[in-house]
Amino acid sequence: MSVLLALALQVAAQPTKPQRQVSRADLNAMADACHAPRNWLVLRGREVVFRGNPDADFAKIECVLKKVSAVVSMNKIGVIGNAPASEDK
């Protein structure tokens, strides 16, 4: 999960680009170009939500996030972890 966080922070630190309206077809094309499942990218209003699988190939995740960041301004990004809690407490 730390690789995803580092990648998200790197993407978030990129300069802001003019935002354009993204369609479902755009998101499908991005996922297809990265050989990733289309359901990883969800359009919720003006928000693009990324929902990758916990065991997904990091190369595919990186590809999808790069494609999205090329089109969508990612100056506001949130990362929600889904790793199981450690039993060592």
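The analysis underlying the following values was restricted to heavy atoms, covering all of them including side chains, and did not include hydrogens, waters or symmetry mates.
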inquiry  = According to a hydrophobic-cluster definition based on side-chain heavy atoms being under 4.5 Å apart (Ile, Leu, Val, Met, Phe, Trp, Tyr only), do L43 and V68 belong together?
reply    = yes
ask   = Taking a hydrophobic cluster as the set of Ile, Leu, Val, Met, Phe, Trp and Tyr residues connected by side-chain heavy atoms closer than 4.5 Å, whether directly or through intermediates, do F58 and L65 fall within one such cluster?
value =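 In one cluster: yes.
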note = Here the pair of heavy atoms bringing P37 nearest to A31 is O-CB, 3.8 Å
task = Would you check if L41 and V49 make a side-chain contact, meaning some heavy-atom pair closer than 4.5 Å?
result =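 Answer no - side chains too far apart.
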query = Do V71 and M30 have side chains that get closer than 4.5 Å, going by heavy atoms?
reply =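 With C-beta onward as the side chain, the pair touches.
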[atom2] on [Y] to [atom1] on [X], rounded to 0.5 Å:
{"X": "H35", "Y": "D57", "atom1": "NE2", "atom2": "CG", "answer": "11.0 Å"}
{"X": "R38", "Y": "L27", "atom1": "CZ", "atom2": "CG", "answer": "10.5 Å"}
{"X": "W40", "Y": "N53", "atom1": "CH2", "atom2": "CG", "answer": "5.5 Å"}
{"X": "S23", "Y": "N28", "atom1": "OG", "atom2": "CG", "answer": "8.0 Å"}
{"X": "E62", "Y": "K67", "atom1": "CD", "atom2": "NZ", "answer": "11.5 Å"}

